[in-house]
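Everything below concerns the one structure shown next.
Just the heavy atoms: all of them, side chains too, but no hydrogens, waters or symmetry mates, feed the values below. A, B, ... follow the sequence lines: proteins, then strands. Residue 1 opens every chain. If you're wondering where the values come from, they're calculated on a predicted model, not measured in any experiment.
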Amino acid sequence: MPAIHFGDGSTAKNVEQAGQQHRRLSSPASSKLQRMSPASPSVTMNGKINGVHPNGRQPAVNGSGKAGLQSRKRKHVYMDASDDEPADTKGHKANGVTINVNGRDQQFRRNSGNLNGTSSAGSSKSRELQEQRKQLPIAQGREALIEQIANHHVTVLLGETGSGKTTQVPQYLLESGIAGSGIIAVTQPRRVAATSLAARVAAEQGTTLGGLVGYSVRFDEVAGPDMRIKYMTDGMLVRELLSDPLLTRYSVVVVDEAHERTLRTDLLITKLKTILKKRNGGIFPEGKGKGKAAATSGNPLKVIIMSATLDAEKFSKFYNNCKILYVKGRQHSVKIYHTAESQVDYVDAALRTFFQIHVDHPPGDVLIFLPGQEDIESLDKSIRLYANRLPVDKMAVMTCPMFAALPPAQQAKIFQSTPTNTRKCILATNIAETSITIPGIKYVIDTGKHKEKLHLAHDTGSGFDALLTRDITKSSAMQRAGRAGREDKGYCFRLYTEEAFEAMAVSSEPEIRRTSLTSAALQLKCLDEDIEDLDFMDRPDVESIMSALKSLWFLNAIDKSRRITDAGRSMAAFPLEPNLASAVLESVKNTCTLEVIDIVSVLSSTSKLFFDISDEREAAAEVRRKFRHRSGDHMTIVNALRSYQDVAATESKAARKEWCRKQYLNERTLLEAIKIRDQLRATCEKMGIDWRTSAQDDEKLVTKSLFRGLVLHSALLQPDGITFKQVYGRSVIKIHPGSTLADQKVPAIIYDELVYTNHIYARGVSAIPKAFLAEISIQIKNWVA
DNA sequence: GAGCACTGC
């Protein structure tokens, strides 16, 4: 195998040499860095004007400030924030306050290997935990932090990985009395984070989970009357807004991981701004008059925005230039190498780089970031093939694929300890970037690619998604590199040039600018707010808003003057996308709620119901025939779900699992769907809807109900007898070959989604009579009139 | 005649 060349002609073979080379090139920056690093832990409070993290600054993965992540260009030099900012930030107008803390990395890790839902809280005694708390980097800035938060209604806290902000800040708020008698809500983008953090903080407080500290995520809540700190998913708090628009239960809302900019986080940030105005007396407290505004309301709210990287100033600007606090974290240094030339075949480059590391570098596990399952499986095969040919005196290689769709048992393999004289090689998607932390990683190989779902909106509200392999962003590249420095110093080999890195976007577009806004628009309508009028950090595209409103109008969720309808309010009550919620409401009229809820439960599950394994497609299709329903894929889902329940009623857990495997059914999807179904049935009961009504053998009732929600996803057969044309759009589409209706000649269809590969394919397809289309077009004309 | 990253109620 020819070697891959990294850096300026140096190969990965000689790390020290390559490292020296890199240091030399960046020497002006690194000498400055070393000078600026405080020699001992210190807390620097500075009320003067100081730009904290000027625009474009990257996160400091290399917390110690030694050689590593810095590039030649000054604007990407990583450093400790301090008084001694480079010239380009002088005079930068911001109310920044720097809390500069050095501290030791802790053994405790967030989200650490929590696939099995076990708590990351140790069994250590309370005293040990208290000692650990004091050792966290943030602990040294505790008093300064408390003072700042006490005196301001909004605080932006920029804390690096390992600073301890997420576990400690809520406890400081509680212990200092700032939170008053209200609840402290701490939002997280991911469920596992919310549950494992709550467990950890409960242990630190010496209470059981559900006492002082609780959590709330979908399907799972541990809370009690004494709860003062509540970790929750951002989606849960958005949902609470619908019943309590001012969030009166909470005295503090901490929005964590705000830099991820999920749609729900952005919604919260926007709504919190208006809630602050209402609860805190209309005006934000600026530097002067701090604390006074709180007196204008009996129940003031404090907001803390926590971010790991970048964007801190953007958050601050959004909240009338509120204070930015900065807490340093502690990470071990990671040396980064770029390839000397760009690589055409990243899978091949990853293969060769892995063996360069394996042959020439000391023990330590390797994590390779790849875009998807297909590349992972192909590289996995290649690595195992070559590993078998290694000389016997070399370490063995153990490969571990890792992606979300992988069965949990195989996912767990990455957390098993590596056998002696063996190097573990983990081949992972983005899942290893934020969702899970894998212990023992010393080397990261970064292909620089990921998969991205692009929503191609259409002015009619129809549109389709395409999943494309694209370049990652700089912040993503930094995050990936950081995965090598969790436990000790590490190395990151980027399979792209330094120029390619420089050309990457700083961070990805916020979700609000990429995703369908139909659901968000409906929720806001429930609060009597219009998505088009709201003050967002990043405003969504006009086309995207129009597409969302048009969809809502087609679903009869809003009327022609854009006011929410009764039906719209009912739809918002369901934890479903509005189109599926609309199908459920329609099923009430058509007396088939039982079947429709079964279907939408599966459709809104995370993964697909049927496995699609390319090598076993024939066998899968054969087995699937017995679930097949002539009307199409939706009733086929009902058949499969019912068959599973028959099996589940009598068989053991192991037998159920085996049955699913033989049917090429994803049991994880079935179990999730059943949970969702229970939740939907409960929602129906609250609304006085009888969910037990069944279509019996009249499946047209079911397709008619689904059609109501999928109006915009309807298409008519063209004269060629093969392709379909969208009724409310211009695209010409085909039925996906995996559908039960592939090769069937039906006059009109509805579909769940369109996927764009070499054709635009409709997936999740059912046949409908053309008469349905005629009926709806009359209804639509009547609304317009 | 097929090729799906991740997350949320």
Side-chain angles (χ1 to χ4, degrees), chain A residues 111 187-194 216-221 232-243 257 260-268 369-378 402-406 428-436 447 449-454 465-470 472 476 508 511 514-516 519-520 522-523 571-578 580-581 600-601 604-608 610-618 620-621 666 672 675-676 679-680 682-683 722 734-739 742-743 753 755-763:
Chain A
N111 303 346
T187 70
Q188 296 292 324
R190 284 170 291 279
R191 294 163 52 94
V192 271
S216 175
V217 298
R218 190 183 189 184
F219 308 131
D220 193 7
E221 183 173 68
M232 61 206 299
T233 45
D234 47 15
M236 273 312 239
L237 196 57
V238 168
R239 195 138 274 276
E240 270 194 41
L241 275 171
L242 297 181
S243 57
E257 311 284 15
E260 291 193 20
R261 302 293 307 278
T262 68
L263 175 60
R264 295 166 297 277
T265 290
D266 273 16
L267 279 177
L268 283 176
F369 283 101
L370 292 145
Q373 180 176 351
E374 202 180 353
D375 288 328
I376 287 173
E377 284 169 355
S378 136
M402 184 72 209
F403 44 90
L406 199 69
T429 61
N430 264 357
I431 196 172
E433 206 176 290
T434 48
S435 300
I436 56 164
T447 58
K449 303 283 179 189
H450 73 155
K451 287 203 178 180
E452 213 174 85
K453 199 170 201 171
L454 289 186
D465 293 335
L467 200 65
L468 301 173
T469 299
R470 308 185 87 202
I472 60 171
S476 190
S508 52
E511 199 182 354
R514 289 185 281 126
T515 197
S516 160
S519 194
L522 179 62
Q523 287 176 338
M571 284 175 213
F574 286 98
L576 291 170
E577 288 298 317
L580 297 183
V600 302
S601 299
S604 54
S605 294
T606 317
S607 328
K608 291 268 176 270
F610 297 105
F611 280 118
D612 182 29
I613 304 163
S614 47
D615 299 342
E616 303 169 43
R617 227 168 234 158
E618 282 302 308
N666 189 343
E672 188 185 346
K675 273 190 186 176
I676 294 171
Q679 200 183 24
L680 296 177
T683 308
I722 298 164
K734 281 184 176 175
I735 295 177
H736 193 278
S739 167
D743 304 329
E753 58 173 358
V755 286
Y756 179 57
T757 51
N758 49 357
H759 281 111
I760 304 174
Y761 285 111
R763 289 170 53 148

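Residue A:Lys608 has its side chain nearest to B:dC4 when only B:dC6, B:dA2, B:dC4 are considered. The A:Asn758 side chain lies nearest to B:dA2 when the options are B:dC9, B:dA2, B:dA5. Distance from the side chain of A:Val755 is smallest for B:dC4 among the nucleotides B:dG8, B:dG1, B:dC4.
If you check every strand for non-hydrogen atoms under 4.0 Å, A:Val238 touches nothing. Residue A:Arg763 is in base contact, counting any heavy-atom pair closer than 4.0 Å across all strands shown. Within 4.0 Å of A:Leu576, counting heavy atoms only, lies at least one base atom of the nucleic acid. Within the nucleic acid shown, A:Glu511 has no heavy atom closer than 4.0 Å to any nucleic acid atom. Across all strands shown, A:Asp234 has no heavy atoms under 4.0 Å from either base or sugar-phosphate atoms. When heavy atoms are screened at a 4.0 angstrom cut-off, A:Phe403 is found touching the sugar-phosphate backbone but no base atom.
Nearest-nucleotide positions on DNA chain B place A:Thr429 closer to the 5' end than the other of A:Thr429 and A:Gln523. Taking for each of A:His450 and A:Pro575 the nucleotide of DNA chain B with the nearest heavy atom, the 5'-most of the two is the partner of A:His450.
The side-chain hydrogen bond (donor to acceptor under 3.5 Å, both in side chains) check on A:Glu240 picks up A:Lys230, A:Tyr250, with sequence neighbours excluded. Take A:His450 and apply the ring-ring contact (aromatic ring centres under 6.0 Å, His included) test, not counting sequence neighbours, and it matches no residue.
Neither OP1 nor OP2 of B:dT7 sits under 4.0 Å from any side-chain N or O of A:Arg218. Between A:Thr233 and the phosphate of B:dC9, there is a side-chain N or O to OP1/OP2 separation shorter than 4.0 Å. The phosphate of B:dC9 has neither OP1 nor OP2 within less than 4.0 Å of any side-chain N or O from A:Gln679. Phosphate proximity of B:dT7 to A:Thr606: absent, as no side-chain N or O sits under 4.0 Å from OP1 or OP2.
Here the C1' atom of nucleotide B:dG8 and the CZ atom of A:Arg514 are 14 Å apart, to the nearest Å. Between the NZ atom of A:Lys449 and the P atom of B:dC6 there is a distance of 18 Å, rounded to whole Å. For the pair A:Gln373 CD and B:dA2 C1', the interatomic distance rounds to 14 Å; values are reported in whole Å. Note: CZ (A:Arg191) to C1' (B:dC6) measures 15 Å, nearest angstrom. In this structure, the CZ atom of A:Arg264 is 16 Å from the P atom of B:dC6, given to the nearest Å. Rounded to whole angstrom, the span from the OH atom of A:Tyr761 across to the P atom of B:dC4 amounts to 12 Å. When rounded to the nearest whole Å, the span between CD of A:Glu433 and C1' of B:dT7 equals 13 Å. Taking atom CD on A:Glu452 and atom P on B:dA5, their separation rounds to 14 Å, with Å as the unit.
Under the 3.5 Å distance criterion, the side-chain polar atoms of A:Arg191 are matched with a main-chain donor or acceptor of A:Arg218.
Put simply, the side chain of A:Lys453 does not reach to within 4.5 Å of the side chain of A:Arg514, judged on heavy atoms. Annotation: side chain of A:Lys608 is not in contact with side chain of A:Asn666 (no heavy-atom distance under 4.5 Å). With contacts defined as side-chain heavy-atom distances shorter than 4.5 Å, the pair A:Arg264/A:Thr187 does not qualify.
Side-chain atoms of A:Glu577 come within donor-acceptor range of the base of B:dG8, with a qualifying N/O pair under 3.5 Å. Between the base of B:dC4 and the side chain of A:Glu753 there is a donor-acceptor pair shorter than 3.5 Å.
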